[in-house]
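One structure is given below, encoded as structure tokens.
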Amino acid sequence: MKKLSFLLTLLLALMLTLAACSGDSTDEPEENPDNETEEENNEEGSEDEEASEGDGEDQVLVFARGGDSESLDFASTTDGESSRVTKQIYESLLEFDKESFDLKPGLAHDWEVSDDGQEYTFYLEEGVKFHDGTDFNAEAVKTNFERWADPEHEYAFTDSDYVYSMYGTMFGGFKGDDGHVIEDIEVVDDYTIKFHLSRPLGYFLQNMGMSYFAITSPAALEEYGPEINENPVGTGPFKFVSWERDQSIVLEKNDEYWKEGLPKLDRVIFEVIPENSSRLMALRSGDIDIMDGLNPDDAAGVESDADIDLYTRAANNFGYLGMNVEKEPLDDKLVRQAINYAVDREAVAEALYAGYAIPGANPLPPGYLGFNDEIEGYDYDPEKAKDLLAEAGYEDGVEIELWTMPVARPYMPDPETVADIIRNNLEQVGITAEIVREEWAPYLEKTAAGEQELFMLGWSGTNGDPDYFLGSLLHSSGIGGSNYTRFNNEEVDELLDQAKVAVDQDERADLYKQAQEIIHEEAPMVVLVHSEPVLAASSRVQNYVPHPSTSESLAEVELSE
Amino acid sequence: MLAYTIRRLLMLIPVLIGMTIITFSIVHLIPGNPAQVILGESATETQVQDLEESMGLNEPYIVQFGIYVSDLLQGDLGTSLKTKASINKEILPKLAATFELTFFAMLFAIIIGVNAGIISAWRHNSWFDFFAMLFALVGVSMPVFWLALMEQWIFAQELGWLPAHGRQDSRSQIDPITHFYVLDSILHMDMKQLFISLKHLVLPSIALGTIPMAIIARMTRSSMLEVMSSDYIRTIRAKGSGQFLVIYKHALKNATIPVLTIIGLQTGVLLGGAILTETIFSWPGIGRYIYDAISYRDYPVIQSGILVVALIFVMINLIVDLLYAFIDPRIKY
């Protein structure tokens, strides 16, 4: 017995030693700046908690999700879990409407576009302060944009592996690149800023609403340097308090917030619960208030539960079965159309999303600018598919590789099931699909290099502009990158090029509609479904509106008794 | 014994060098590069190349290895590609989380396992023995994830007695000092938080500790049976010693060696292999940390994470070896 207790003592001693080690490391002087604020904040936090025990009126919302944020520096990541949080801390010049990508004022209350579409002037809100007390003004905006554009900028933190890939994608590259569209940023006065473009960009304003291009306090960039990703300072409704990696991020109300009466909540806690079923259980037991990523199969159960409400996000993505148009027999338009007729989209929507999905017709989510609703998607018609195959000279059947995605993505929650459905569908029309499996990174590399025949992938929107879908996926300039079908059509290229630089949005819509007609005819991909992600929240949660971009402001959300 | 300890510690050096080389090579041999994973399906070729360059991944392997080792020698485990944070800083809370869970899981396994084994040996071929060993057999063969889900379903969902996720309540967060939340609560003199932390430990500890418990029970039983039939026990009994004293004082001491070996090995296994439990119970430990890093191709985290776990494993085995000599004076090093 004595020996046993000795053993336990030893284990405990080991624990204590480790504990001491970890204690030491937080005392290291180099980490001092953020330590201080964290401690301060934490103290405030515990006071708040004590207060809440007293009167029980504190509004604390717990939002649970499947994974942690990568970084709280929104511009240097493309991770949706990051922008979900930074959306609360930071604001951009323009904002998207609650449920769509329509633009409304943000930090800029007004804006003007010159006739040639190369000058954008923004009039900024006055009297807005960052969480560190410094003023928000035109200089701050300029600093932020230059930080992303110029790898040599003092706050670009290139040495610490900061890369602003979303900026590169949206503004055509970086300072010095041929395609880079922002030529100069002019501070007209403290609250007026003018962007000079090297050529018109049809979705420039749309970009300004993205949470990837929000404004960080320049003073904080100076103070924290590359550790800005753990110490976010913005102008938004909530202030950063603490972050325990893979557990939780705590935000508290910004009492000085410039919009009167907001935010309603005192605290927001983003909690990581990786397992889908555990998350739902936690919601049922009241441990959390909102859960992201509800399994569509659980939606029926949630709907019948009086204490929980079901929410759907508008579709902003699609999963597709792509065809490498350079490989035989997929280089034949008839074969591609045949495959489009052969695949049962309804079955995919039912099997995977329990009906929370729209069968696809165009490679663009419904509701987007220029979505061509005159095009009816290919019907499920195996007979027609067989006829087309016969016409193309494949009446005796043909063998094709089907590359199956190895990971679940929002647009493709269960790739294996989809692959099964597709394989059965193809079998019926005489196409034998041989499943090819690769891990995710090599999968992306090899499909980008064009090694695949049939393959599964998808695309999610960010700025709500059709160019991000059509331009990325089907313009020939994307071959080797995001144009995985290697679709190369001069007419489509030209239409997309025109639409990209046109400033008049009606004109753009028209051009995109024409492009979709050609794409429909050429059929480089089977647009499977647009999924409508489902969420669940306690019925105490009021005014919560999920945004299609997956990042919504929680400023107006409140909890009822 | 001191010389032995030093010798063992010195032997650690080639082991660690070997580990470093093996993990580094394996990590860099698996296909797929992190830049591609980080940028996802919307990446362009130039973006991937730019990122690779900025992360230093286009250097020759040997150069990368050199940089890695020289950082290691300075006590720097590197920087995570995914979060850009220092791994030294990131890994400590995760280690603490796993240690805490392992500690309580082993506590459960040892207390129940050893005692069940002893009683089974004592009341050999009794009903208790029969059921305990049947239970142990079930315990060994029970999939951890199934047990974990059943626990969650019964105790969290149906009965609502115990929390099923995380280390603490979302709405009542502790200010971490050591990142061992039980210890932190005590340091903060916060009894409410201590209760919360312990409550969160119950289900995952049982899920994680069941297999070791079953193994320990079986091992203790067979080891005890052997000792109990030896001559010196008969002699002690003949001297009129009480049954309890005979078993717990005299027999257990000699039966402990094989049990201790198992305990040491199992503790090591739990430290590195608690991924399933950690995932199901949303426990932010080292297993999940490394697992996530693998799917993300976060090379530095995989390398350093495995290295740290390996180091701990070796250390625990060393401690166990030293304990032998302490328990059984006949063993000399």
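Numbered from 1 within each chain, the chains take letters A, B, ... in sequence-line order.
- Salt-bridge annotation for A/Glu230 and B/Lys89: present, with a side-chain N of the basic residue lying under 4.0 Å from a carboxylate O of the acidic one.
- With a 4.5 Å cut-off on non-hydrogen atoms, A/Leu457 touches chain B through its side chain but not through its backbone.
- For chain B, the nearby part of A/Ser248 is the side chain; its heavy atoms alone come within less than 4.5 Å.
- Side-chain atoms of A/Ser278 and B/Gln152, non-hydrogen and from C-beta on, do get closer than 4.5 Å to each other.
- Side chains of B/Pro284 and A/Arg245 form no contact here, defined as non-hydrogen atoms less than 4.5 Å apart.
- When heavy atoms are compared at a cutoff of 4.5 Å, A/Val250 approaches chain B solely by way of its side chain, counted from C-beta outward.
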For this session: Begin from the C-alpha positions of B/Lys82 and A/Ser71 and carry the test side chain to side chain contact (heavy atoms under 4.5 Å, CB included) through to its verdict.
Result: CA-CA 8 Å; B/Lys82 179 182 172 190; A/Ser71 157; over 6 Å; no
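- By the 4.5 Å heavy-atom criterion applied to side chains, A/Ser76 and B/Lys84 are counted as neighbours.
- Annotation: maximal heavy-atom pairing with chain B below 4.5 Å, among A/Thr169, A/Leu61, A/Thr158, occurs at A/Thr169.
- The shortest side-chain heavy-atom distance between A/Glu271 and B/His165 falls under the 4.5 Å cut-off.
- When every heavy atom of B/Ile280 is checked against every heavy atom of A/Glu275, the shortest pair comes out as CA-CG, 3.9 Å.
- Of the two parts of A/Tyr468, only the side chain, counted from C-beta on, holds a non-hydrogen atom closer than 4.5 Å to a non-hydrogen atom of chain B.
- Both the backbone and the side chain of A/Glu70 come within contact range of chain B, with heavy atoms under 4.5 Å apart.
- If you measure heavy-atom distances from A/Tyr411 to chain B, the contacts under 4.5 Å come from the side chain alone.
- Only the side chain of A/Arg409 comes within contact range of chain B, judged by heavy atoms closer than 4.5 Å.
- The residues B/Lys94 and A/Glu244 are annotated as not salt-bridged, no charged nitrogen and carboxylate oxygen being separated by less than 4.0 angstrom.
- Going from atom CG of A/Asp68 over to atom CG of B/Asp292 covers 9.5 Å, rounded to the nearest 0.5 Å.
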